[in-house]
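Single-structure report; data block below.
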Amino acid sequence: MDIIITICSGFLLLVGSFLCISGGIGLLRFPDFYTRMHAVGVTDTLGAGMILVGLMMLSTDFLVFAKLVMVLLFTLLIGPTTSHVLAKAAFHNGVRPKDSNNLEQSKEKENTSSIL
Amino acid sequence: MLIAATLAIFVAMILAIIRGIAGPTLYDRILAVNMFGTKTVLLISLLGFVMGRPEFLDIALVYALINFISVIGVLRYSDTNQFKHMPTEDKSIRKEP
Amino acid sequence: MIDIVLLSLLVVIAIAIIRMKDLFAVVMLTGIYGLLSASFFVAMDAVDVAFTEAAVGAGISTLLMLVVITMTGRKEKSTRHKPLSALFVVMLTGGLLIYGTLDMPYFGSADAPIHKHTSPRYINDSMEEIGIPNIVTSVLASYRAFDTFGEVVVIFTAGIGVLTLLCVARSQKNDEEIDSINDSMHQQHLVIRIVAKMLIPFIFLFALYVQFHGDFGPGGGFQAGVIFASAIILYAMLFGLSTARKVINQTFVQVIAALGVLLYGSVGIVSLMNGGNFLDYNVLSSNPIAGQHLGILLIEWGVGCTVASVMVVIFFNFAGRRAFQQHKKQAQDKESSAC
Amino acid sequence: MLIGLFNDWIVVVLMMIGLYIVIAHGNLIKKLIGLTIFQTSVFIFYISMAKIDGGTAPILADGITQYSNPLPHVLILTAIVVGIATTALGLSLVVRIKESYNSIEEEEIQQQDNDEQLSTNKAEENA
Amino acid sequence: MIAHLPILQVIIPLLAAPICLLLNRSKLVWLFSLLASGLAFSISILLLQQVMTSGVISYELGGWQAPWGIEYRIDNLNAFLLLIISGISTVVLFAAQTSIEKEIPKDKHVYFYVLYLLSLTGMLGIVATGDAFNVFVFLEISSLSAYALIAMGNKRQALWASYQYLIMGTIGATFILIGIGLMYQMTGTLNMEDLSQRLPEVAQTRTVFVSFVFVIVGVCLKLAMFPLHLWLPNAYAYAPSIVTAFFAATATKVAVYLLIRFTFSVFGLSFSFTTIPLQTLFMALGLFGIFVASTTAIYQSNVKHLFAYSSIAQIGYMIVGFSLSTVTGLTATLLHMFNHALMKGAIFLALAAVVYRVGNVELKNFRGLGRQMPLTMAAIVIGGLSLIGVPLTVGFVSKWYLLTALVEQGWWPIAVLILLGSMLAVVYVWRVIEVAYFKEPLEQNVEVKEAPMSFLIPIWTLVIANIYFGIDTRLSVQVAEAAAQSLFGVSP
């Protein structure tokens with residue numbers, strides 16, 4: 001029985017960490033703020049959820065399991081909220097998505113809009 | 001398996017820090033801080049299991065909480081002149097806040 | 001192995017902080033610096049310290065610096081005055097310290113003198129003498145209780161110091177004006193307000209859990225106080241300072257801060273009355289172990305009250321000063337536009 | 001030799017970065033941040049002193065014999081609170097200085113003070 | 001209750017501070033803090049008698065033995081310092097209510113008293129404790145309340161001076177923390193008594209040497225010794241005058257006590273004066289400090305700046321006495337601590353009276369004060385004379401002991417330099433006296449009256465003490481001698 005559990009948790013941990021790394025790479029390589037937002041937002045919540053469920057499988061007594069459930073619920077709640085607030089504030093302050101069709105027009109807009 | 005996961009989280013943290021330092025606009029940096037926070041939560045939980053001391057999970061929970069509050073704080077105070085006048089809908093490019 | 005990676009990340013961030021000009025980015029990096037040093041403490045088995053460093057180092061100090069930056073501007077002038085003399089002083093002290101580390105016991109070696117003299121007693125006898133599993137809390141609250149008392153007074157002094165500097169006599173008039181701004185804020189922060197309404201009771205509950213769980217796991221008065229205060233700060237940020245002030249007004253919080261210190265001191269006085277030395281919990285009740293438990297519980301409660309109320313006082317004063325400045329700017333705009 | 005003391009050398013580098021920021025940078029907030037880095041590195045020095053290889057967190061649990069030393073943890077809990085108290089007071093001073101001097105750069109403030117000093121001396125000569 | 005005196009000494013002002021915050025009415029809070037400070041003063045007198053009769057008192061906090069719990073060790077040195085601090089604070093508090101009427105806004109009076117009591121607690125805590133880390137905690141309490149008190153000055157320079165003091169003070173405190181950490185790492189204990197026994201066997205290692213250097217540099221930063229004194233003049237000049245009167249007489253003495261305690265009791269005499277040439281280094285810095293500080297004092301236009309620089313010079317005298325590392329040298333330093341507290345307390349309280357009446361202490365406002373405020377100016381004159389070291393005043397006693405200590409060691413040239421230093425003191429005291437007595441008052445100062453009684457009583461108690469201890473030196477010398485012997489007797 002526990003062999004299956006270890007395999008499952010190992011698999012979940014593997015996928016979760018792969019997602020986290022892909023989120024990190026997405027953060028670096030994507031051209032514009034909103035695409036990076038997207039990359040991080042998605043992989044964060046899913047990757048964290050995966051790893052935490054993987055850990056839940058490994059946990060022995062109930063208290064640890066309960067704490068892990070709380071951490072999972074908390075991350076699932078605040079992850080999307082922070083992304084939402086971040087996007088709203090960014091849009092509010094004039095960071096415009098870089099639309100691909102007129103690249104050069106957006107080039108000069110890009111450097112004026114990026115505040116710093 | 002746990003060790004592999006911790007190493008992966010480490011790599012993700014380093015990527016977040018690179019974006020945090022390099023990030024052109026302010027909001028890239030807030031995004032990096034946010035991602036860094038969630039990665040630390042995972043790192044602490046994994047460390048708890050690697051070292052066999054499940055007490056660490058309280059700290060992971062506090063990390064998530066603190067990360068949430070500091071990102072909200074940053075966003076709440078980053079658009080400072082929002083209170084100067086009623087925010088009209090067609091907000092053009094904002095000048096230096 | 002982990003700690004070397006974490007330390008090198010810390011050095012990278014510290015160097016980045018030197019070179020950054022935009023103060024917002026520097027504050028963000030300080031937040032990451034606090035989180036990283038807290039995870040270093042976790043790797044070093046310092047569980048309570050990681051707790052406090054995360055809550056205080058990454059949470060409260062970043063928030064305070066943010067509020068100050070909105071008041072003082074984001075750009076730092078680039079002139080580095082007297083860098084050479086600074087470099088010389090730094091090289092001197094650095095060289096002296098490196099010279100000092102040559103004879104230090106190696107990192108993690110079990111035969112270092114500090115593991116031999118005082119701490120074996122803490123580790124071996126604390127269960128019989130005090131009876132709580134978390135040795136750090138037993139040393140913090142019983143063996144060296146007077147240090148913690150001094151520390152509560154330090155926090156109390158900081159709170160009074162910030163009060164004297166930033167206290168603003170609030171007139172009733174500008175409260176209504178701020179309320180009008182509040183309505184505009186409402187439709188701005190709709191989503192986050194609903195999420196916060198769901199979260200804040202949970203955070204209070206978690207703070208109380210941390211307060212009373214201090215004997216068995218990581219936690220205690222300081223951490224609980226800071227978490228309690230951060231929930232109130234979240235409420236004040238999202239629902240506006242004036243509504244938060246209606247819920248928790250200034251004088252009430254000051255009284256709680258003073259009562260926390262007095263509670264801690266009176267536990268000491270009671271043990272004086274019962275014939276023991278100051279802060280000697282054995283005399284608090286019939287059998288010593290119960291006395292220790294009672295004593296530790298009471299002083300943790302005192303510490304929690306003082307830290308929570310001082311953190312709230314500090315944040316309210318900073319945010320209140322910011323609102324006061326904005327209000328003054330608005331008044332000037334009106335006059336300049338009017339005349 | 002290297003691995004054993006490598007930890008302390010990095011801590012010393014961090015201390016020196018913090019001290020450099022405090023001395024070289026003119027911006028008052030930057031100085032406070034440098035002070036926080038300087039103090040945090042002292043905490044890291046204390047905690048890396050308390051670690052024993054193979055020792056776990058000092059919370060008594062059955063079946064574990066080797067614990068890290070709890071005393072530096074207690075000292076650092078006090079020092080962290082002292083650090084945040086100093087930062088909070090320093091920040092409130094920076095706010096008041098900004099209001100009265102309208103600048104938070106050390107040179108400008110020093111300049112305004114010297115000008116004020118010169119003007120009072122001049123007023124005294126012709127008085 | 002008698003057995004609990006050491007802890008009551010610190011706890012009474014400490015618990016009085018939050019109670020004052022609860023009382024919240026400035027008149028009531030003033031009386032309550034006066035009561036608390038008076039109580040602390042009487043406890044320190046009882047403690048001094050107890051120590052003189054029955055030797056060192058050791059008080060274990062929390063009932064745990066010394067190296068595991070925190071221990072309060074009161075010997076002659078502590079008791080002497082406790083007496084000075086609580087005495088000066090009671091006298092200064094007497095004049096506080098009328099003085100802050102003019103200088104601090106109404107709604108901040110209660111906070112002023114709370115911070116005042118906290119800084120008093122901090123200083124008493126530093127002096128009474130026998131645990132190294134406890135010194136750091138109470139050092140922070142007294143420094144934090146000092147930063148907040150100095151920032152309450154009405155001029156904007158007070159904020160800038162308090163900020164500089166905060167940066168320098170925190171760096172000093174963190175240096176002391178590093179020093180204590182290194183000491184703890186090599187010996188495994190934090191109790192000062194235990195440290196002095198366990199340090200000799202590890203004394204030759206580099207770490208202990210570096211920890212000694214860090215502790216000494218940290219304490220010298222707090223002490224405002226010559227090269228590290230930049231924060232003191234502005235901090236004392238722009239702070240509210242009651243705060244200056246309290247800190248000028250006590251804050252630097254506490255730092256000198258720390259210097260003595262760490263070099264003599266913790267590291268031991270032999271270690272401290274052999275590893276680095278502490279003797280010549282401190283002698284040179286002390287003398288240099290005396291001359292530079294006295295010359296800058298002469299050119300100051302603000303009288304508070306003038307006497308702040310003269311405080312730095314007086315600290316120079318204490319450092320020279322300390323650097324002799326002989327019993328008479330140390331007695332001279334301890335005597336000078338006591339006498340300097342009396343002198344500076346009287347002078348700065350008189351300046352507070354002048355600020356109360358005239359508004360500021362620029363030298364041009366001092367014209368003709370000799371006739372308009374006779375008693376206050378007389379106090380400044382007597383204080384100035386005892387600064388110079390004129391016989392029949394308390395300054396003469398400490399100068400006399402310093403000179404005998406120097407002559408005993410056979411260093412004639414340094415004794416001559418000390419006398420030259422006193423001549424410089426004559427110049428800047430004369431500048432004040434000449435303006436006050438031989439110049440006509442400015443037109444706006446014509447109707448200035450004498451200071452109210454609440455100023456004159458504390459000023460004149462200090463001035464009479466100045467003269468009494470100048471003549472009947474039995475008490476102060478006997479206590480200082482006993483303290484110096486106990487230090488030399490204690491270290492092997």
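Convention: sequence-line order gives letters A, B, ...; per-chain numbering from 1.
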Looking only at heavy atoms, what is the nearest atom pair of Gly20(B) and Met20(C), with distance?
O-CE, 4.5 Å
Neighbourhood of chain C inside residues 62-69 of chain B, taking heavy atoms under 4.5 Å as contact
Val62(B), Tyr63(B), Leu65(B), Ile66(B), Phe68(B), Ile69(B)
Picking from Val226(C), Leu36(C), Val5(C), Ile233(C), which has the most non-hydrogen pairs under 4.5 angstrom with chain B?
Leu36(C)
Side chain from CB out, backbone as N, CA, C, O: work out which of these in Ile32(C) comes under 4.5 Å of a heavy atom of chain B, or both, or neither.
both
So which part of Val210(C) gets closer than 4.5 Å to some heavy atom of chain B, the side chain, the backbone, both or neither?
neither
Ile21(B) and Val12(C): side-chain contact (heavy atoms from CB on, under 4.5 Å), yes or no, with the steps?
CA-CA 10 Å; Ile21(B) 293 172; Val12(C) 163; 4.0 Å; yes
Evaluate the side-chain contact (heavy atoms from CB on, under 4.5 Å) criterion for residues Met51(B) and Val42(C): first the C-alpha distance (whole Å), next the side-chain angles of each, then the deciding distance (0.1 Å), finally the verdict.
CA-CA 10 Å; Met51(B) 295 191 180; Val42(C) 169; over 6 Å; no
Highest number of heavy-atom pairs under 4.5 Å with chain B: which of Ala58(C), Pro218(C), Ala16(C)?
Pro218(C)
Part of Ile69(C) lying under 4.5 Å from any heavy atom of chain B
neither
Mind checking the OH-CD1 spacing from Tyr33(C) to Ile17(B)? Nearest 0.5 Å is all I need.
12.0 Å
Partner chain B: residue of Leu234(C), Thr62(C), Ile60(C) with the largest heavy-atom pair count (under 4.5 Å)
Leu234(C)
Are side-chain heavy atoms of Gln223(C) and Asp58(B) found at a separation under 4.5 Å?
no
Of all heavy-atom pairs between Ile59(B) and Ala50(C), which one has the smallest distance, and what is that distance?
CD1-CB, 4.3 Å
Identify which part of Ala196(C) has an atom lying under 4.5 Å from any heavy atom of chain B, answering side chain, backbone, both or neither.
neither
Sort Leu35(C) into side chain, backbone, both or neither according to what part of it lies under 4.5 angstrom from a heavy atom of chain B.
both
Correct closest heavy-atom pair for Gly73(B) and Leu63(C) would be CA-CD2, 3.6 Å
Rounded to the nearest 0.5 angstrom, the OG-CD1 distance for Ser8(C) and Ile14(B) is 8.0 Å
If you define the side chain from C-beta out and look only at heavy atoms, does anything of Thr6(B) sit under 4.5 Å from Ile2(C)?
no
Restricting to salt bridge (charged side-chain N to carboxylate O under 4.0 Å, His left out), what partner residues turn up for Asp45(C), sequence neighbours left out?
Lys51(D)
Once you round to the nearest 0.5 Å, how far does CD1 of Ile72(B) lie from CD1 of Ile192(C)?
3.5 Å
Bottom line for Phe315(C): the part with an atom under 4.5 Å from chain B's heavy atoms is side chain
Among Gly31(C), Ala54(C), Gly219(C), single out the residue with the greatest number of heavy-atom pairs under 4.5 Å to chain B.
Ala54(C)
